[in-house]
Amino acid sequence: MTNDTKIILGIKDPNIKKLKVMNPLEMMGPLKVQAILDYRPKACPKCGVLNQKSIIKYGWRWANVKLPRTAERDVQLHLKKRDFKCKHCLQYFLAETPLVQRNHTISNTSKLACFLKLSETVSMRHVATELSISSTTVLRIMRSYQDNVKTRFDWLPAVINMDEVKSTKDAKGSMSFVFMDGIRCEFLDILESRTLYDLENYFKRYTKKARESVKVIVTDMNYTYPKLAESIFPNAIVVTDRFHIVNSVMRGFTRVRIRIMKSYAPSNMKYKALKRYWRLFFKPNEKLDFKKYSNYTNIPGSQTENSVVEYLLDINEELREAYNQLQTVMSAVRYRDIARLETVLDGKDNGSEEMTKALNALVENRESVDNALRYEFSNGPMEGINNKIKVIKRVAYGFGCFTSFRLRIHLAFGLKKIA
């Protein structure tokens, strides 16, 4: 029965003997367990003298140890520790066990359970409730992970994905810089600022060999990262994420549509149609249904998806021109056709002001945009990491300390990396 109880409670120390459950039949309150910790020490931990009958037993001391929950009940271990005295140095010391650290009352298994729960997207108060400890204790355990967060300044991956996320109130910048290994899709680190000056100072801490090993930098259309690549990573090319290329043109087209829509009264049928069927504009032209007829609100007669789009484009010639530019960019990205993209970028001044502005952003990043169509690299994994970071921040109702924010993120990705 003692061995079975040890297995259930997760106690593996053979020096803990005479395990006894005090109230196994009580349904309420914590499960209280008594045990004795006694052994013959090999040497004195104070002076290091070997125990040749120089260490004597000198009574007992009681200690309460917090164990992980078992059968949905809290577990309290009342441990009776042997007290020793060394005749050589006249110092006293207690028997120790790997179950719990010296001068601590929370077991190591409880701390490990706390680390595992902190790697999930739950609040620290929820972790404290699950483990029946205080939120302050959870924070203290999390901060003990600081020693495990060490940056290797002699290595960088061949592909780096870069992005930013909203930072904490005490951070140096309003947005934090996040980067990851683009090959293994693993989170690397988060910095409290994304300015070019701070990023250069940070990456200059890496060795020259590590910086020269970076071949590709995948990012959005932020102007900072291409400049960072020029000054820090001499052998790296910049690849703009394809989603941001299409999204930039979509935003330009949306501004054109809204401007033309607002030129009509809200009660006008054209206003309502432009407002209602905007999703059809973003559907690839070749995927529009031209066989199935249906009745569409605010559009006369039975129409197909293709005829609905043609009806809306007939409202304004400027809208048609913007739509053609949008579809050309979308198809160029979809089929990785650089020549098709160049036809739009070279004739960007023929369209509306909003589309011209969106296309100018692509022209300014012409080389990285072309690289996006040449290579398969994407910032999708980086967006997934950013989404999890935002979830962690939201369930915690925000972080006031960037150090705690960074540690929690490293726990969320670091423990799963080890596992």
Side-chain angles (χ1 to χ4, degrees), residues 156-165 175-185 187-189 191 193-200 202-204 206 210-253 325-349 351 354-386:
L156 279 172
V159 180
I160 297 180
N161 292 50
M162 299 180 176
D163 208 348
E164 57 276 334
V165 69
M175 302 293 289
S176 292
F177 173 77
V178 187
F179 67 106
M180 64 172 288
D181 184 346
I183 296 179
R184 296 185 294 179
C185 297
F187 169 82
L188 292 178
D189 207 350
L191 310 179
S193 175
R194 62 166 181 173
T195 62
L196 182 61
Y197 175 79
D198 292 329
L199 294 181
E200 286 180 343
Y202 173 78
F203 281 106
K204 282 179 180 178
Y206 286 85
R211 289 187 276 114
E212 289 178 347
S213 66
V214 179
K215 304 301 181 183
V216 180
I217 292 178
V218 187
T219 180
D220 54 15
M221 299 177 69
N222 191 310
Y223 71 95
T224 303
Y225 306 138
K227 293 182 179 179
L228 178 67
E230 293 177 3
S231 60
I232 300 298
F233 307 107
N235 300 328
I237 62 171
V238 180
V239 176
T240 301
D241 183 50
R242 289 180 290 275
F243 167 79
H244 290 89
I245 296 174
V246 176
N247 192 44
S248 174
V249 183
M250 281 183 171
R251 288 198 302 267
F253 176 81
Q325 291 175 325
L326 170 66
Q327 289 295 324
T328 304
V329 172
M330 290 174 61
S331 62
V333 172
R334 187 162 59 253
Y335 298 113
R336 312 293 177 83
D337 192 340
I338 298 177
R340 187 180 301 183
L341 181 63
E342 289 177 350
T343 60
V344 181
L345 300 183
D346 293 338
K348 59 184 173 55
D349 297 330
E354 295 88 348
M355 287 298 292
T356 300
K357 184 177 180 181
L359 295 174
N360 278 336
L362 302 183
V363 173
E364 292 173 2
N365 300 274
R366 188 68 170 267
E367 184 178 355
S368 61
V369 169
D370 290 346
N371 289 335
L373 304 187
R374 291 192 184 100
Y375 303 102
E376 295 292 333
F377 301 107
S378 169
N379 226 22
M382 186 76 258
E383 297 296 337
I385 286 178
N386 270 0

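The model shown is predicted, which means the values in this text are computed figures rather than measured ones.
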Tyr225 ring center near Phe177 ring center (under 6.0 Å):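 Yes; Phe177 has its ring centre under 6.0 Å from that of Tyr225.
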Please answer whether the main-chain N or O of [Y] pairs with a side-chain N or O of [X] as donor and acceptor at a distance below 3.5 Å.
| X | Y | answer |
| --- | --- | --- |
| Ser248 | Ile245 | no |
| Asn161 | Met180 | no |
| Asp241 | Asn379 | yes |
| Asn371 | Thr240 | no |

Any heavy-atom pair between the side chains of [Y] and [X] that's under 4.5 Å?
| X | Y | value |
| --- | --- | --- |
| Leu359 | Val249 | yes |
| Lys215 | Val159 | no |
| Arg242 | Arg334 | no |
| Leu228 | Met162 | yes |
| Glu383 | Asp163 | yes |
| Asn235 | Val214 | no |
| Arg366 | Glu342 | yes |
| Asp198 | Leu191 | no |

Name of the residue among Ile237, Val218, Asp370 meeting side-chain contact (heavy atoms from CB on, under 4.5 Å) with Tyr375: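 When Ile237, Val218, Asp370 are each tested with Tyr375, the side-chain contact (heavy atoms from CB on, under 4.5 Å) holds only for Ile237.
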Residues which pass salt bridge (charged side-chain N to carboxylate O under 4.0 Å, His left out) with Asp181, listed by chain and number, not counting sequence neighbours: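 Asp181 satisfies salt bridge (charged side-chain N to carboxylate O under 4.0 Å, His left out) with Arg184 only.
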Pair Thr224-Arg194, side-chain donor/acceptor within less than 3.5 Å: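 Per modelled atom types, Thr224 and Arg194 side chains form no pair under 3.5 Å.
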For Phe179 against Met382, the heavy-atom pair lying closest together: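 Smallest heavy-atom distance, with atoms named: CA-SD, 4.2 Å.
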Pairing of Arg374 and Glu367 as salt bridge, 4.0 angstrom limit: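 Between Glu367 and Arg374 there is no salt bridge, as every charged N stays at least 4.0 Å from the carboxylate O atoms.
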Evaluation steps, side-chain contact (heavy atoms from CB on, under 4.5 Å), between Val178 and Phe187: CA-CA 8 Å; Val178 187; Phe187 169 82; 3.7 Å; yes
